[in-house]
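Beneath this line is the structure, given in structure tokens, with notes to follow.
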Amino acid sequence: MTEELKPASKTETRTRPIRVTVDLPPADHQALKRWCNTAALDLDLTTVALAQVLRALAAELTADPTDRLDGLDDRLRARLAGAGEPEVDLTTTIPKSLQQQLSLTTAVHNTTIEAAVTEALRMWLAKHPPRRQTVLDAAQQLAGLGLGDDLAGEGDTL
């Protein structure tokens, strides 16, 4: 005789923690671990585990919105808006003095050069959106090359 499973009661509340796994790029993991180590020194602790930091961040994000850090929601939403974007490798040359400043600043702020440059580009692009005519000109050039049909979505016209 087999036992039938009873449906879970709607009044039951889960009490066991839920495990969440996150894959991070090595540079982000290194920056987070560096932040944990700095926090441990600042708090006079032997260690601060990455899991503790992630739990604290979850608590901050789910706290009363009036108690959250100013701009946190907007900054996270801006990051999430670009989360599904494919990454493209870009190589450029910058002056040595700027590279030294960038390296020092990213170390002080516990981030990576890649993250800092990406954030700076997003901020610059937000302040300097392309003009409508520029976009139309580029679209017409693509159409002239025969690429318009491949790039346009259903119902789009040039």
Side-chain angles (χ1 to χ4, degrees), residues 8-139 141-142 147 150-153 156:
S9 168
K10 294 191 187 245
T11 59
E12 289 181 27
T13 302
R14 183 180 175 115
T15 57
R16 290 187 336 206
I18 298 171
R19 178 171 299 278
V20 176
T21 304
V22 179
D23 294 322
L24 295 172
D28 289 348
H29 182 260
Q30 181 183 22
L32 278 170
K33 292 300 288 181
R34 186 178 295 124
W35 191 93
C36 290
N37 293 337
T38 302
L41 288 171
D42 292 344
L43 298 170
D44 200 25
L45 299 171
T46 54
T47 62
V48 170
L50 186 53
Q52 290 174 291
V53 172
L54 295 177
R55 283 187 203 104
L57 284 171
E60 285 295 319
L61 290 173
T62 56
D64 181 354
T66 59
D67 290 337
R68 285 193 206 131
L69 293 173
D70 287 340
L72 180 62
D73 286 347
D74 292 337
R75 288 176 34 206
L76 286 173
R77 283 188 179 93
R79 285 180 184 271
L80 293 173
E85 298 173 9
E87 292 185 0
V88 177
D89 286 334
L90 174 68
T91 303
T92 188
T93 304
I94 59 173
K96 187 170 183 133
S97 61
L98 184 58
Q99 179 189 14
Q100 290 169 340
Q101 285 180 310
L102 189 57
S103 295
L104 178 61
T105 304
T106 55
V108 168
H109 292 283
N110 293 313
T111 189
T112 63
I113 290 176
E114 180 182 36
V117 169
T118 301
E119 184 67 20
L121 283 172
R122 281 196 176 113
M123 290 170 43
W124 188 87
L125 289 170
K127 287 185 175 183
H128 302 88
R131 286 185 239 123
R132 185 174 189 279
Q133 188 58 50
T134 304
V135 173
L136 291 175
D137 291 346
Q141 286 177 343
L142 290 172
L147 298 173
D150 293 336
L151 298 175
D156 291 346

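In this structure D64 satisfies the side-chain hydrogen bond (donor to acceptor under 3.5 Å, both in side chains) test together with T66, sequence neighbours excluded.
In this structure, CD1 on I18 lies 9.0 Å from CZ on R16, to the nearest 0.5 angstrom. In this structure, OG1 on T93 lies 12.0 Å from CG on L98, to the nearest 0.5 angstrom.
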Side-chain donor-acceptor pairs under 3.5 Å in residues 22-39, sequence neighbours left out?
unit_1	atom_1	unit_2	atom_2	d
N37	ND2	K33	O	3.3
T38	OG1	R34	O	3.0

